[in-house]
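Read the structure below first, then the notes.
Throughout, numbering of the chain's residues begins at 1 and tracks the sequence.
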Amino acid sequence: MIAMSPTITLKGAVKFTMKKLVSGAQMSTSTFTGPGELLLGPSMLGDITSLRLTGNETWSVGHDAFLACTQGVTKDHKRQGLGKAMFSGEGLFVYKIGGVGLLWLTSFGAIIRKDLVDGEKYIVDNGHLVAWNTKYILERVASGGIISGVASGEGLVCKFTGPGTVFIQTRNAKSFSQFIAGHSVAY
């Protein structure tokens, strides 16, 4: 929360579950109620976008991409397969979000929305996923063998097939933290 009108009430709650402990999901939630203005901000430098959920779709959302939602939106954790967990950049668990209401997503960098028509394919480098409502497979794209793929930092990507929508972030938090760790900062 950045700021809010004095007419809004804030209530916090902590819910401990083994599933949340294993998935790394937030155990605490904040609920804002009442008329007025509420300003929310992401924890990292990046965009915020909203989705209007109609109850007819389910979204997979990276655990760092969820910012907030209105009542009526359901949020659960779903385990991905081991291969997707290791190489998609999203970990073993992702949020499965559905219901009716508004969902706000956040990213590291700008958010790009890609709408896919039936049968259209689109490739996203792992670590750049924000949210998606279509299936994907992991695919190796680097040529020159395993050593070349490892040396270039490329190799596995997420290949989506429409119909559906994919939200992508322009920055990769894991690559950024590796960059920062490898460079000293002088003041």
Side-chain angles (χ1 to χ4, degrees), residues 1-3 23-26 28-30 38-53 57-70 73 75 77-78 80 83-98 101-117 120-142 149-187:
M1 191 235 358
I2 297 171
S23 69
Q26 293 176 329
S28 62
T29 58
S30 299
L38 174 64
L39 302 177
L40 298 175
S43 58
M44 295 190 294
L45 299 172
D47 278 351
I48 297 174
T49 192
S50 62
L51 284 174
R52 183 171 299 280
L53 303 178
E57 68 274 313
T58 301
W59 286 84
S60 297
V61 175
H63 56 272
D64 292 334
F66 176 84
L67 181 62
C69 64
T70 59
V73 173
K75 181 176 82 167
H77 299 86
K78 183 170 187 221
Q80 300 193 98
K84 286 183 179 179
M86 290 176 59
F87 300 112
S88 71
E90 293 305 319
L92 186 58
F93 289 89
V94 294
Y95 287 123
K96 285 297 184 180
I97 298 184
L102 289 174
L103 166 66
W104 286 273
L105 301 170
T106 185
S107 67
F108 184 44
I111 294 177
I112 298 168
R113 178 184 176 136
K114 181 67 177 172
D115 294 311
L116 304 175
V117 297
E120 181 181 6
K121 296 190 183 315
Y122 198 69
I123 296 170
V124 178
D125 186 45
N126 59 358
H128 289 271
L129 293 175
V130 174
W132 59 98
N133 68 355
T134 183
K135 294 185 179 196
Y136 73 94
I137 60 169
L138 286 168
E139 188 171 282
R140 186 175 177 281
V141 295
V150 170
S152 69
E154 299 294 328
L156 290 173
V157 295
C158 304
K159 187 173 187 180
F160 291 88
T161 302
T165 300
V166 182
F167 285 91
I168 306 159
Q169 61 188 7
T170 59
R171 302 277 185 244
N172 181 320
K174 192 174 289 184
S175 294
F176 181 72
S177 63
Q178 290 171 350
F179 171 79
I180 294 298
H183 293 77
S184 60
V185 178
Y187 293 96

Is there a donor-acceptor pair closer than 3.5 Å between any side-chain N or O of His128 and the backbone N or O of Ile168?
no
With a 4.5 Å cut-off on side-chain heavy atoms, are Leu38 and Met1 touching?
yes
Is there a donor-acceptor contact under 3.5 Å linking the side chains of Ser60 and Lys96?
yes
Got Arg113 and Leu51 here, is their nearest side-chain heavy-atom distance under 4.5 Å?
yes
Where do Pro42 and Ile48 come nearest, in terms of heavy atoms and distance?
CD-CD1, 3.6 Å
Taking all non-hydrogen atoms of both residues, which atom of Leu116 and which atom of Gly162 are closest, and how far apart?
CB-CA, 3.7 Å
Just by distance, do the side chain of Asn133 and the backbone of Gly164 share a donor-acceptor pair under 3.5 Å?
no
Of the non-hydrogen atoms in Leu129 and Val124, which two are nearest, and what is the gap between them?
CD2-CG1, 3.8 Å
Heavy-atom closest contact (Gly127 atom, Asn172 atom, distance)
CA-ND2, 3.5 Å
Examine distances only and state if a side-chain atom of Gln169 and a backbone atom of Phe108 form a donor-acceptor pair shorter than 3.5 Å.
yes
Would you say that Lys159 contacts Lys135 through its side chain, given a criterion of any heavy-atom pair below 4.5 Å between the two side chains?
no
Thr58 side chain to Gly98 main-chain N or O, any donor-acceptor pair under 3.5 Å?
no
Between Ile97 and Leu53, does the side chain to side chain contact (heavy atoms under 4.5 Å, CB included) criterion hold? Intermediate values first, please.
CA-CA 9 Å; Ile97 298 184; Leu53 303 178; 3.8 Å; yes
Taking side-chain hydrogen bond (donor to acceptor under 3.5 Å, both in side chains) as the definition, give me every residue that meets it alongside Thr70, ordered by chain and number, with sequence neighbours left out.
none
Which atoms form the tightest heavy-atom contact between Val73 and Leu102, and what is the distance?
CG2-O, 3.7 Å
Quick check on the 6.0 Å ring-centre criterion: do Phe167 and Trp59 meet it?
yes
Ala65: partners by side chain to side chain contact (heavy atoms under 4.5 Å, CB included), with sequence neighbours left out:
Val61, Val130
For the pair Thr106 (side chain) and Asp47 (backbone), establish whether a donor and an acceptor sit closer than 3.5 Å, ignoring hydrogens and angles.
yes
Quick one: does NZ or CZ of Lys75 land under 6.0 Å from the six-membered ring centre of Tyr95, within 45 degrees of the ring axis?
yes
Counting neighbours of CD1 on Ile2 that are heavy atoms of other residues, nucleotides or ligands and sit closer than 6.0 Å, is the number greater than 12?
yes
Examine Lys121 relative to Phe160 and say whether NZ or CZ is less than 6.0 Å from the centre of the six-membered ring and inside a 45° cone about the ring axis.
no
How would you list, by chain and number, every residue that makes a side-chain hydrogen bond (donor to acceptor under 3.5 Å, both in side chains) with Arg171, sequence neighbours excluded?
none
